[in-house]
Amino acid sequence: MTELMPVTETTAVKATPTLPDAQTVTEVQHYTDRLFSFRVTRPQSLRFRSGEFVMIGLMGDNGKPLLRAYSIASPAWDEELEFYSIKVQDGPLTSKLQHIQPGDQVILRPKPVGTLVHDALLPGKRIWFFATGTGFAPFASLLREPQTYEDYDEVIITHTCREVGELTYGRNIIDSLKEDELLNEVIGEGFWKKIKYYPTTTREQSPKMGRITDLMRSGEAFEDLGVPPLSPETDRAMICGNLAFNLELKEMLEGYGLVEGANSKPQHYVVEKAFLD
Ligand code: A2P
């Protein structure tokens, strides 16, 4: 909160401008030359649903805030906020954002919104989280959200990336779930057996190669996962990746008979675009 000061000529000149909605960076981790994650302090008044996004950014050279939509990657109960970002070397925001250090400030508009929320889906047996690249972020939140395991018997997370190193952030989250105190306490030990993680790469050798869309079309993904193709009776899905992926998968899900839902009208699946520079 800004302290009120009597505005005399001296204080008006000397006062350093404080960023509006400033939050402090607490941690930064780099994964590849294209990807990093960071944590910031959470405004006390900020309430959000796991899966939603907010606008964050930095002050631009012209003195105006430069903001982009970022999915909150931390769960709703966490006392800090986590974000997962691409680095674009000539991107207006991420060319600068990639250099933040603990102690620096970022701007965060505390108005969370988004469609990748449990409220937008009808009850089901199995939930699919489909991600490419940094589209993993909202699922990093939802995978740490107890409601995900309360609502579903099976939780399938697919992540398609170009290279193996781009899977690290997601894999770390998945690996940490077993030890997650809250989930073990609320859902019970062994909750993680509900999770099926299906990472694939398209441009570097890894145990499972190919786009998830192709692997579903051929039936290979269902065979690997030991589940039948999606059906509106049992399956719910959330999609978050690059635009072409979102559109292609949306069409495929419609082909399985799933209907797109919204906060105001829950259905079988929801889709969000990845927020790239
Ligand atoms: P590919 O390497 O075959 O293009 P990007 O980094 O460009 O956002 O892509 C992330 C991942 O999403 C890549 O592995 C890419 O595969 C994959 N991808 C891109 N478009 C589609 C699509 N329409 N359907 C499925 N996967 C896609």
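Note that ligands are numbered from 1 as they come in the structure, with each ligand's atoms numbered from 1 the same way. Note that the coordinates shown come from a computational prediction; the quantities given were computed from them, not determined experimentally.
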Looking at ligand 1, is there an atom of it that comes within less than 4.0 Å of some heavy atom belonging to Arg34?
yes
Taking 4.0 angstrom as the limit and counting only heavy atoms of Ala244, give me the atoms of ligand 1 inside it, by number and element.
23 (N)
Per-atom filter on ligand 1: closer than 4.0 angstrom to a heavy atom of Phe245 are 21 (C), 22 (C), 23 (N), 24 (N), 25 (C), 26 (N)
With respect to Cys161, determine whether any N or O atom, backbone or side chain, lies less than 3.5 Å from an N or O atom of ligand 1.
yes
Between ligand 1 and Arg211, is the shortest N or O to N or O distance under 3.5 Å?
yes
Parallel, tilted or perpendicular, as decided by the 30° and 60° cut-offs, for the rings of Phe136 and His159:
tilted
Where's the contact between Asn242 and ligand 1, heavy-atom distance under 4.0 Å: side chain, backbone, both or neither?
side chain
Under 3.5 Å, is there a donor-acceptor pair between the side chain of Thr94 and the main chain of Val88?
yes
Can you tell whether the side chains of Lys125 and Asp153 come within less than 4.0 Å, N to carboxylate O?
no
Judged by modelled atom types alone, do Ser37 and Gln29 share a side-chain donor-acceptor pair under 3.5 Å?
no
Thr213 heavy atoms, cut-off 4.0 Å: which ligand 1 atoms fall inside?
24 (N), 25 (C)
Location of contacts on Arg162 toward ligand 1, heavy atoms closer than 4.0 Å:
both
Of the listed options (Leu249, Asn246, Thr202), which comes nearest to atom 15 (C) of ligand 1 when hydrogens are ignored and any heavy atom counts?
Thr202
Nearest 0.5 Å, please: how far is CE in Met252 from CG in Leu247?
13.5 Å
Single-linkage hydrophobic cluster Leu122~Tyr269, side-chain heavy atoms < 4.5 angstrom:
no
With a cut-off of 4.0 Å, which atoms of ligand 1 are near a heavy atom of Arg203?
1 (P), 2 (O), 4 (O)
Reference residue Leu121; test side chain to side chain contact (heavy atoms under 4.5 Å, CB included); the match among His268, Arg236, Gln267:
Arg236
